[in-house]
Amino acid sequence: MKARIRTVMSLLAAGLSLCGTAQAAFESRLAGQAYYDSALDITWLADANTGAGSIFDDGSNTADGRMRWSSALDWAASLTVGGSTAWRLPSMDRNGDSTIIDCAGASAAACADNEYGYHFYVSGIDSTNSAPFSNVGTDNYWSATADGSNAWLFDFTFNDGSQLATSQNFNALAWAVHDGDIALVPLPAAAWLLGSGLMGLLLGLRRHTAG
């Protein structure tokens with residue numbers, strides 16, 4: 001019986017350890033509709049032009065996904081994918097210090113502040129080398145980062161990776177991300193449920209032994 005108790009304790013420790021294990025980069029989520037990026041701790045939509053043909057697609061061609069900045073923000077905020085809401089445009093200033101990192105030649109640590117820059121320069125995603133993503137356009141993408149009356153864009157065209165701030169009325173593509181890993185139960189809840197179940201089993205074994 002003591003051996004069984006030791007086994008339960010080992011399972012408890014292993015299970016709690018797994019709750020905090022980091023995920024590998026670009027893990028499939030929502031049956032391939034999204035991919036979790038463990039380096040940035042965000043989840044990207046698999047389709048980089050999901051907004052094409054939506055009511056927010058307000059450019060000269062209402063089926064190509066190019067839209068104004070305000071429409072891009074509204075499009076991302078309106079998304080519900082696999083039951084998950086709270087989608088947004090990627091940030092080019094995660095730490096909010098108003099410094100836009102040009103990731104060309106910068107370190108991975110520095111690039112992490114620029115979600116688009118990290119995606120292009122560190123993860124190697126562009127219009128030609130886009131796997132596991134689809135429909136990565138040879139064009140500019142809106143970010144969530146404003147610059148006065150302008151907003152920042154990032155160009156995923158192969159061998160480009162440029163970024164610039166331009167009028168919010170410009171028409172550009174939009175890609176959506178979600179903070180964190182949408183597939184995971186929040187860590188405290190997951191740990192509590194696992195711990196409660198295994199501790200209940202342990203207490204049951206002890207009562208059985210005492211009886």
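Along the sequence shown, residues carry numbers from 1.
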**Q.** Under 3.5 Å: donor-acceptor pair, side chain of Asn114, backbone of Asp102
**A.** no

For Met67 and Ala72, the nearest pair of non-hydrogen atoms, with its separation, is SD-CA, 3.5 Å

Scanning both residues in full, the closest heavy-atom pair of Asn169 with Arg68 reads O-CG, 3.6 Å

Taken to the nearest 0.5 Å, the spacing of Asn129 CG from Phe120 CZ works out to 9.0 Å

Worksheet item: Any sub-3.5 Å donor-acceptor pair from Thr145's side-chain atoms to Met92's backbone N or O?
Response: yes

Assigning hydrophobic clusters by single linkage (Ile, Leu, Val, Met, Phe, Trp, Tyr; side-chain heavy-atom cutoff under 4.5 Å), is Trp175 placed with Phe158? no

- request: Examine distances only and state if a side-chain atom of Tyr141 and a backbone atom of Pro90 form a donor-acceptor pair shorter than 3.5 Å.
  value: no

Is the shortest side-chain heavy-atom distance between Asn150 and Leu164 below 4.5 Å?
no

task = Might you work through the side chain to side chain contact (heavy atoms under 4.5 Å, CB included) test for Phe26 and Asp37, ending with a clear yes or no?
result = CA-CA 5 Å; Phe26 298 150; Asp37 180 344; 3.9 Å; yes

Check whether Asp57 reaches the backbone of Gly65 with its side chain - one donor and one acceptor, N or O, closer than 3.5 Å. yes

Quick check: does any side chain N or O of Arg94 sit under 3.5 Å from a backbone N or O of Leu40, one acting as donor and the other as acceptor? yes

Scanning both residues in full, the closest heavy-atom pair of Thr166 with Trp142 reads CG2-CH2, 4.1 Å

Residues Thr43 and Ala34: closest non-hydrogen pair is CG2-CB, 3.6 Å

- Report yes or no: does Asn171 contribute a side-chain atom to a donor-acceptor pair with the main-chain N or O of Arg66 at less than 3.5 Å? no

Rounding to 0.5 Å, atoms CG (Leu173) and CZ (Phe154) come to a distance of 13.5 Å

List the steps, then state whether side chain to side chain contact (heavy atoms under 4.5 Å, CB included) holds for Leu153 with Phe170. CA-CA 10 Å; Leu153 295 164; Phe170 184 76; 3.8 Å; yes

Q) Any sub-3.5 Å donor-acceptor pair from Tyr121's side-chain atoms to Gly161's backbone N or O? A) yes

After noting the C-alpha distance and the side-chain angles of Thr138 and Asp160, does the key distance pass the side chain to side chain contact (heavy atoms under 4.5 Å, CB included) rule? CA-CA 9 Å; Thr138 55; Asp160 192 328; over 6 Å; no

To the nearest 0.5 Å, atom OH of Tyr35 lies from atom CD1 of Ile42 at 15.5 Å

Open item on the list: Is any side-chain heavy atom of Leu89 closer than 4.5 Å to one of Ser143?
Closed with: no

| Where do His178 and Leu79 land on the side chain to side chain contact (heavy atoms under 4.5 Å, CB included) test, with the steps shown first? | CA-CA 10 Å; His178 193 288; Leu79 286 173; over 6 Å; no

Shortest non-hydrogen pair, Ala146 vs Gln168, comes out as CB-NE2, 4.4 Å

| Are any side-chain N or O atoms of Glu115 and backbone N or O atoms of Ser91, one a donor and one an acceptor, separated by less than 3.5 Å? | yes

On a heavy-atom basis, the closest approach of Cys111 and Cys103 is SG-SG, 2.5 Å

Flag the pair Trp152 / Tyr116 as yes when their ring centroid distance falls below 6.0 Å, and as no otherwise.
-> no

Contacts satisfying side-chain hydrogen bond (donor to acceptor under 3.5 Å, both in side chains) that involve residues 72-82 (not counting sequence neighbours) are none

Could you tell me whether a side-chain N or O of Asp113 sits under 3.5 Å from a main-chain N or O of Asn95, the two making a donor and an acceptor? yes

OH of Tyr36 to CG of Leu30, rounded to nearest 0.5 Å, is 14.0 Å

Hphob cluster co-occupancy, Val122 + Ile101, side-chain heavy atoms under 4.5 angstrom: no

Just by distance, do the side chain of Asp93 and the backbone of Asp97 share a donor-acceptor pair under 3.5 Å?
-> yes

